[in-house]
Amino acid sequence: MARLVVVSNRVASPKERAAKAGGLAVALREALSKRGGLWFGWSGETEVGAPPEPKIFRSGRITYGLLTLDPEDQRAHYAGYANGTLWPLCHYRLGLLAFRRADWEGYRRVNEHFARALLPLLKPDDIIWVHDYHFIPLAAELRKLGFEGRVGYFHHIPWPATAVFLSLPSHAALVRDLSHYDLVGLQTENDVRALLTYISSESRGWLAPGGVVNLRERTFRVAAYPIGIDAEAFVQDAKDAVGSDEMKRLRASLAGKALAVGVDRLDYSKGLPNKFAAFGELLKNWPEHRSKVTMMQIAPLSRGEVAEYRALRRELEELAGSINGEYAEFDWVPLRYLNRPFQRATLAAIYRTARIGVVTPLRDGMNLVAKEYVAAQNPRDPGVLMLSRFAGAVDEMTGALIVNPYDVEGMGEALHTALVMPLEERRERWRTNMKNVETNTIHHWCERFIAELSSSQEALPDPLTA
Ligand code: ADP
């Protein structure tokens, strides 16, 4: 079995426990342990003029390689091009897109450093799996250095429609970079269509059936690999933790009121202001729910180094204050707003306690919280998943109450519908969703991508003759 090499910006350290590391990190660690592997990424540290030598250490069957970056390169790469340009672009927020040539150059430079540091560690038959928008040019940089082995890329966030993508000054170069991979994985069929449309209409690439592309003399494949969760672990966590002291306190504090829960990083793609406003609409238009429902929004702070995230934080504090100011009673706070992380088991138990899981991003690659909420439910009395039509998860979570997050009044109405939904309908919707959560797990996703990347250099049809 060929060795697996994973490249991602953040590397979950071997000491990080499963409860904290998140489903993806755990699944990658499993795949790496099974085959023996190398996990390569940023060390989380900066040092002026940082040397290109990575820190290497081993833990079990996994070798870790961590590269320290020069602070200006790191800023241009992470806060600059990756999160100031690509993140808003891929989430359709052109108003927030900032493009600076220096950031684009820094982004490329960091990818070049990564390729140079990684190359000496590679064997020709390794399978290299690159994760996310921080590293789109990595394969191109490795090819420049002469590496010809199998390299795959998975894009965890949406691929934008061509009209949006064209706003990016470096659009052509970025797609040329993609052509150096053997396999490009996206979250949904919609994302695949968007990228293939761009390739055929803007970069004069040739398409063959099955997502095979020929672009500038390179042949590669583009396909959808919707990411999943560790369903079994979530079910178990939810069952175990629901009787904990912490959850007893939560239930006591609710005193029989229904709970609507939201769990999102504090990010403008998550549509939090609209979600808060929708809750305000519910309380305004359906006064019978006042004092009967509590919304809890868990939103750990994220990317505080990017200005838009700081502005969003202030906006949400103001909105939460105004909803509570308007509707609170001396014994009822309508909106509980928490800015901190929780252990996976606690989250699972909160999901299980909640009558509604409110997942309403303006745009999201997949949204794992939607799947986690479903997995955590009690099958006898499941809650309702309220899901944005712009989350990748909507393709699979067809039993959700699907909403348009731009329609705040419509979302207020959907909250009401969820609160009064009969048990039989809740069960039926939940079963539909759960079937997908159980079938398409994170393990299945990992294995499928690795299997298809493994065979990716074995005779792709030539789009010019197919
Ligand atoms: P994104 O990757 O954009 O943050 P996802 O919904 O796909 O969005 O994934 C978020 C992950 O982070 C989920 O697994 C969720 O459980 C986890 N998470 C979100 N908020 C918290 C929190 N407060 N504490 C711990 N984990 C959290």
Side-chain angles (χ1 to χ4, degrees), residues 8-10 12 16-28 82-83 86-88 90-93 131-134 154-158 186-188 191 225-231 233-235 237-238 241 246 250 261-272 275 296-304 306 308-309 312-313 316 336-352 354 357-377 385-388 390-397 400 405 437 440-442 445:
S8 60
N9 190 52
R10 285 309 182 105
E16 213 163 298
R17 287 184 306 121
K20 261 192 81 194
L24 174 61
V26 173
L28 289 176
N83 287 314
L86 289 180
W87 180 272
C90 290
H91 289 89
Y92 289 72
R93 297 298 287 273
H131 285 264
D132 234 357
Y133 57 103
H134 314 89
F154 187 77
H155 190 70
H156 288 259
I157 64 177
L186 303 171
Q187 295 277 22
T188 66
D191 297 323
Y225 301 85
I227 197 168
I229 62 163
D230 185 343
F234 242 92
V235 170
D237 277 350
E246 226 177 354
L250 172 62
V261 74
V263 174
D264 312 77
R265 268 184 314 104
L266 195 95
D267 191 294
Y268 53 75
S269 65
K270 303 293 182 185
L272 294 170
K275 192 194 295 196
M296 179 154 73
Q297 176 63 50
I298 298 176
L301 303 180
S302 163
R303 300 180 195 162
V306 182
E308 282 74 20
Y309 289 74
L312 174 66
R313 185 178 175 187
L316 289 171
R336 300 183 186 180
Y337 177 44
L338 295 81
N339 285 135
R340 69 181 185 85
F342 286 89
Q343 295 273 326
R344 186 181 70 189
T346 309
L347 277 186
I350 296 175
Y351 291 146
R352 195 177 177 96
V358 194
V359 183
T360 54
L362 300 177
R363 219 24 100 160
D364 215 325
M366 174 55 59
N367 198 293
L368 294 178
V369 168
K371 295 184 173 184
E372 292 169 358
Y373 177 77
V374 168
Q377 295 310 298
L385 171 65
M386 178 168 149
L387 183 63
S388 161
F390 302 118
V394 84
D395 289 359
E396 296 163 278
M397 300 298 104
V437 170
N440 181 30
T441 64
I442 183 86
W445 172 84

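Read the numbers this way: they start at 1 and go in the same order the structure lists the ligands and their atoms. For the numbers below, each heavy atom of this structure counts, side chains included, while hydrogens, waters and symmetry mates do not.
Of the possible polar contacts, none joining the Arg313 side chain to the Ser302 backbone as a donor-acceptor pair under 3.5 Å is found. At distances below 3.5 Å, not a single donor-acceptor pair connects side-chain atoms of Asp364 with backbone N or O atoms of Pro361. Judged by distance alone, with hydrogens and angles left aside, the side-chain atoms of Asp267 form a donor-acceptor pair with the main-chain N or O of Ser269 at under 3.5 Å.
Using 4.0 Å as the threshold, Lys270 has a heavy atom nearer than that to some atom of ligand 1. Contact annotation: Met366 has no heavy atom less than 4.0 Å from any atom of ligand 1.
Within a 4.0 Å radius of atom 17 (C) of ligand 1, the protein contributes no non-hydrogen atoms. Distance remark: protein heavy atom not present below 4.0 angstrom from atom 11 (C) of ligand 1.
Among protein heavy atoms, atom 4 (O) of ligand 1 sits closest to Arg265 NE, 2.7 Å. The nearest heavy-atom contact from the protein to atom 24 (N) of ligand 1 is Phe342 N, 2.7 Å.
Checked by distance only, ligand 1 and Val263 stay at 3.5 Å or farther apart across all their nitrogen or oxygen atoms. Considering both main-chain and side-chain atoms, Leu368 comes within under 3.5 Å of ligand 1 through a nitrogen or oxygen pair.
Per-residue contacts place Arg340 under 4.0 angstrom from the following atoms of ligand 1 (heavy atoms of the residue considered): 23 (N). Near Ile298, meaning under 4.0 Å from any of its heavy atoms, are these atoms of ligand 1: 23 (N).
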Inset, instruction - Would you please test Trp87 and Tyr309 for ring pair (Phe, Tyr, Trp, His ring centres under 6.0 Å) and show each step? - result: CA-CA 12 Å; Trp87 180 272; Tyr309 289 74; 7.6 Å; no
Inset, instruction - Output, in order, the C-alpha distance, side-chain angles, deciding distance and verdict of side chain to side chain contact (heavy atoms under 4.5 Å, CB included) for Asn83 and Tyr133. - result: CA-CA 9 Å; Asn83 287 314; Tyr133 57 103; 2.7 Å; yes
Inset, instruction - Test side-chain hydrogen bond (donor to acceptor under 3.5 Å, both in side chains) on Gln377 and Tyr351 and set out the steps. - result: CA-CA 7 Å; Gln377 295 310 298; Tyr351 291 146; over 6 Å; no
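Side-chain contact between Lys270 and Thr360 is absent, with no heavy atoms from C-beta onward closer than 4.5 Å.
Contacts between Asn367 and ligand 1, counted as non-hydrogen atom pairs separated by less than 4.0 Å, involve both the backbone and the side chain.
Evaluated by nearest non-hydrogen atom to atom 14 (O) of ligand 1, the leading choice among Gln343, Glu372, Arg344 is Glu372. Here the shortest heavy-atom distance to atom 27 (C) of ligand 1, taken over Val369, Asn339, Leu347, Ile350, belongs to Leu347.
In this structure, His131 and Trp445 have tilted ring planes: the angle between them lies in the 30° to 60° band.
Ion pairing of Glu308 with Arg303 is absent here, as no side-chain N (NZ or NE/NH1/NH2) approaches a carboxylate O to less than 4.0 Å.
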